[in-house]
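Structure first, then comments.
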Amino acid sequence: AQKITQTQPGMFVQEKEAVTLDCTYDTSDQSYGLFWYKQPSSGEMIFLIYQGSYDEQNATEGRYSLNFQKARKSANLVISASQLGDSAMYFCAVTGFQKLVFGTGTRLLVSP
Amino acid sequence: DAGVIQSPRHEVTEMGQEVTLRCKPISGHDYLFWYRQTMMRGLELLIYFNNNVPIDDSGMPEDRFSAKMPNASFSTLKIQPSEPRDSAVYFCASSPTVGAIGQPQHFGDGTRLSIL
């Protein structure tokens, strides 16, 4: 069974600063994927970034990067140059095959 | 391209009534998922389909919940009879087959269900 732990219920950051959202995972699968989703106050779930367990390089997508440390089973999301529109809930998820298991999320608030 | 389309966006109904939530996945996606999101339990996978066939329904809370996928472009989640504790946001998501592990699930905008 897979499990995701997000220990930060809330994070605050000032505009233009970088922020790291923590995620640790547990899985018995040899091959797995890690995802981050953003859920703004409007409620939709937006896919941000993906990291495969066999990918040697950390994934990046624009201002988002994933700090993947396989031995520590961590997959932290780094948002560079925060913007007001980044204020939202952020969910980390792990999948072995198709089924996604989500963490409880971290609420990020970006202040001017 | 159109994303995952869910209807209705909001549903308010009285306890005991039948509720039907609808989902149209992205064309060409072979997997369809139904999730429920509540403050207490977070995001829970209820059931998922592959090529219209239910693969895992272990997350369906009770017999009052049922889901069908009669064709590749349509799925329903039905609650009968509904109860106040079923109030939640219900999401439908779809993903393609190729490179299954690496493919993200694309979510619809959700149905906000309130049972009075």
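When reading the values below, keep in mind they use all heavy atoms of this one structure, side chains included, and skip hydrogens, waters and symmetry mates. Proteins come first, then strands; the chains are lettered A, B, ... in the order of their sequence lines, and each starts at number 1.
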- Task: Kindly state each residue pair satisfying side chain to side chain donor-acceptor pair (under 3.5 Å) with at least one member in residues 8-24 of chain A, sequence neighbours excluded.
- Result: Gln8(A)-Asp22(A)
- Item | Contact origin within Gln37(B) toward chain A - heavy atom pairs under 4.5 Å | side chain
- Is any side-chain heavy atom of Tyr50(A) closer than 4.5 Å to a side-chain heavy atom of Pro104(B)? no
- Do Val89(B) and Ile79(B) belong together in a cluster built from hydrophobic side chains that touch within less than 4.5 Å? no
- Query: Distance from Phe47(A) atom CZ to His106(B) atom NE2, nearest 0.5 Å?
  - Reply: 7.5 Å
- Side-chain (Tyr37(A)) to main-chain (Phe107(B)) donor-acceptor, under 3.5 angstrom: no
- Is there a side chain to side chain contact (heavy atoms under 4.5 Å, CB included) between Met45(A) and Leu43(B) once you walk through the steps? CA-CA 11 Å; Met45(A) 293 288 287; Leu43(B) 266 163; 3.5 Å; yes
- Query: What do you reckon, is CG of Asn71(B) surrounded by more than 12 foreign heavy atoms closer than 6.0 Å?
  - Reply: yes
- Message: Quick check for you: to the nearest 0.5 Å, what is the distance between Thr104(A) atom OG1 and Arg41(B) atom CZ?
- Response: 14.0 Å
- Message: Just checking Arg64(B): does its CZ atom have more than 12 heavy atoms from other residues, nucleotides or ligands closer to it than 6.0 angstrom?
- Response: yes
- Item | Check: Phe102(A) ring centroid to Tyr35(B) ring centroid under 6.0 Å | yes
- For Glu14(B), does the CD atom sit with more than 12 other heavy atoms under 6.0 Å from it, leaving out its own atoms? no
- Message: Within the supplied structure, the quantity of interest is the number of heavy atoms (other residues, nucleotides, ligands) at a distance under 6.0 Å from Lys68(B) NZ; does it exceed 12?
- Response: no
